[in-house]
Trainee: 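Input: one structure, supplied below.
Numbering of ligands and ligand atoms starts at 1, following listing order. This one's a predicted model, so the numbers in the text were calculated from it and none came from an experiment.
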Amino acid sequence: MSWGLDNLPYGVFSPQGERPRVGVRYGDKVLDLAAALHDEVFAAPTLNPFMARGHTAWRDTRALIQNKLTSDLTVTEPHLIPLDRVRLHMPFEVADYVDFYCSLEHASNLGRIFRPDAEPLLPNWRHLPVGYHGRAGTVVPSGTPVSRPHGQLGAGVFGPTAKLDIEAELGFVVGVPSEQGSAAGAFEEHVFGVTLVNDWSARDIQGWEYVPLGPFLGKSFATSISPWITPLEALPRVPGRAQDPAPLDYLRRRDDWGLDVTLEVSINGEVVSRPPYRGMYWTPDQMLAHLTVNGASLRTGDLFASGTVSGEQREERGSLIELTWNGTDPIKLTNGDTRTFLKNGDTVTIRATAGEVSLGEVSGTIG
Ligand SMILES: O=C(O)/C=C/C(=O)CC(=O)CC(=O)O
Ligand SMILES: [Ca+2]
Ligand SMILES: [Mg+2]
């Protein structure tokens with residue numbers, strides 16, 4: 001069965017007329033954890049209090065749920081609610097949101113497009129995972145409509161963006177906070193799980209505003225995440241991609257944190273790309289080490305995303321600016337339509353799987 005015992009992602013749901021609370025997805029049902037486990041932490045309308053409990057509690061709870069769904073199934077059955085009878089909500093309260101730029105292929109493609117006369121990769125790129133601070137307050141759950149942003153598109157030009165784009169990414173959710181000091185080597189201790197991220201981007205606003213401080217209003221209007229947070233334990237890990245030059249010691253990989261996840265991007269129901277996470281140059285443990293190396297502390301609910309996932313092939317690119325080469329080479333859809341950037345009414349859905357494990361989907365319609 002899909003969404004089986006090896007999957008069990010966490011989310012926040014409410015049956016009609018009832019209060020939002022924490023549940024686990026099992027098949028096409030959601031297990032009401034407060035009722036099934038008699039633990040008030042799951043009566044909260046966000047995952048934050050449970051995520052703050054830490055790695056041992058996460059592991060024990062997962063084992064307990066697996067047990068409730070097998071040997072104790074008759075007792076548990078009444079607490080399984082069909083998904084079509086519930087609403088899904090924002091799964092956690094986002095503390096800070098940071099976005100990295102970890103795909104070598106994506107960074108090279110964007111360099112070629114934005115800076116055609118320079119080397120595609122900037123000199124720092126292979127030495128550190130480049131990132132920027134995003135806007136936590138505009139991270140929204142899947143299904144939230146996305147309004148086309150207005151802004152400056154060039155000198156003296158103001159209007160709606162003509163280059164509304166997507167970025168298919170994985171996001172990592174921090175459960176356990178840290179005091180000032182590096183969290184290098186402590187990924188499993190701090191990071192609770194993984195969500196899907198669509199980092200909507202207005203390329204014309206971005207291209208005009210971003211020098212020299214990086215993305216600002218071109219990306220801060222909305223960032224969508226999937227409703228189910230997949231525990232790290234559910235995800236198959238693989239060795240990270242080889243790195244040249246060898247990174248500094250604080251960025252040295254102490255473990256295999258490559259993740260064998262394949263994303264799938266659809267526009268109006270038609271698949272346009274399948275970006276492979278496995279080939280990402282910088283791995284999640286390196287992002288966490290870099291994020292904290294200056295002493296910055298972590299809070300429960302911090303979200304750090306991988307940056308756009310793009311592979312070597314055209315049909316593996318995780319943004320429209322790459323898929324259409326900044327609009328010069330439109331995508332042809334099977335109904336005869338073409339797309340450069342998004343039109344009003346378009347729905348973009350990003351799904352992801354890791355073997356048998358589904359990470360669900362994040363979807364948004366341009367309204
Ligand atoms: O290279 C640039 O100037 C711009 C890069 C991006 O827009 C990418 C970004 O936001 C990070 C990512 O998603 O990889
Ligand atoms: Ca991004
Ligand atoms: Mg964004």
Trainee: Suppose we measure from atom 9 (C) of ligand 1 to each protein heavy atom; which comes out shortest, and what is that distance?
Mentor: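 Of the protein heavy atoms, Lys219 NZ, 3.6 Å lies nearest.
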
Trainee: With a 4.0 Å cut-off on N to O distance, would you call Glu169 and Lys219 a salt bridge?
Mentor: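 Here Glu169 does not pair with Lys219 in a salt bridge, since their nearest N and O are not under 4.0 Å apart.
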
Trainee: For the residue pair Phe50 and Phe42, does the interplanar ring angle fall in the parallel (under 30°), tilted (30 to 60°) or perpendicular (over 60°) class?
Mentor: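 Rings of Phe50 and Phe42: tilted, 30 to 60°.
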
Trainee: Answer with side chain, backbone, both or neither: which part of Leu110 has a heavy atom less than 4.0 angstrom from an atom of ligand 1?
Mentor: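 The answer is the side chain of Leu110.
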
Trainee: Name the orientation class of the two ring planes belonging to Phe187 and Trp257 (parallel below 30°, tilted from 30 to 60°, perpendicular beyond 60°).
Mentor: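 Correct class here is tilted.
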
Trainee: What do we get for Arg203 next to ligand 1 when only non-hydrogen atoms under 4.0 Å count, side chain, backbone, both or neither?
Mentor: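 Contact part for Arg203 vs ligand 1: side chain (C-beta onward).
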
Trainee: Pull out every atom of ligand 1 sitting under 4.0 Å from any heavy atom of Gln206, numbered as shown with elements.
Mentor: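 In order of numbering, the contacting atoms are 4 (C), 5 (C), 6 (C), 7 (O).
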
Trainee: Which atoms of ligand 1 have any heavy atom of Arg115 under 4.0 Å away?
Mentor: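 What qualifies from ligand 1 is 1 (O), 2 (C), 3 (O).
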
Trainee: Could you tell me which atoms of ligand 1, counted from 1 in the order shown, lie closer than 4.0 angstrom to a heavy atom of Phe100?
Mentor: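 The atoms of ligand 1 under 4.0 Å from a heavy atom of Phe100 are 11 (C), 12 (C), 13 (O), 14 (O).
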
Trainee: Considering the heavy atoms of Glu169, write down every atom of ligand 1 situated less than 4.0 Å from one of them.
Mentor: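 Numbered from 1, ligand 1 contributes 13 (O).
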
Trainee: Backbone N or O of Thr283 within a donor-acceptor pair of the Gln286 side chain at under 3.5 Å?
Mentor: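 Confirmed, Gln286 side chain pairs with Thr283 backbone.
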
Trainee: So which heavy atom on Pro231 is nearest to which on Pro9, and how close?
Mentor: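 Nearest heavy atoms, Pro231 then Pro9: CD-CA, 3.9 Å.
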
Trainee: Name the option, out of Phe114, Tyr210, Tyr101, Trp125, that contains the heavy atom nearest to atom 5 (C) of ligand 1.
Mentor: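 The nearest heavy atom belongs to Tyr101.
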
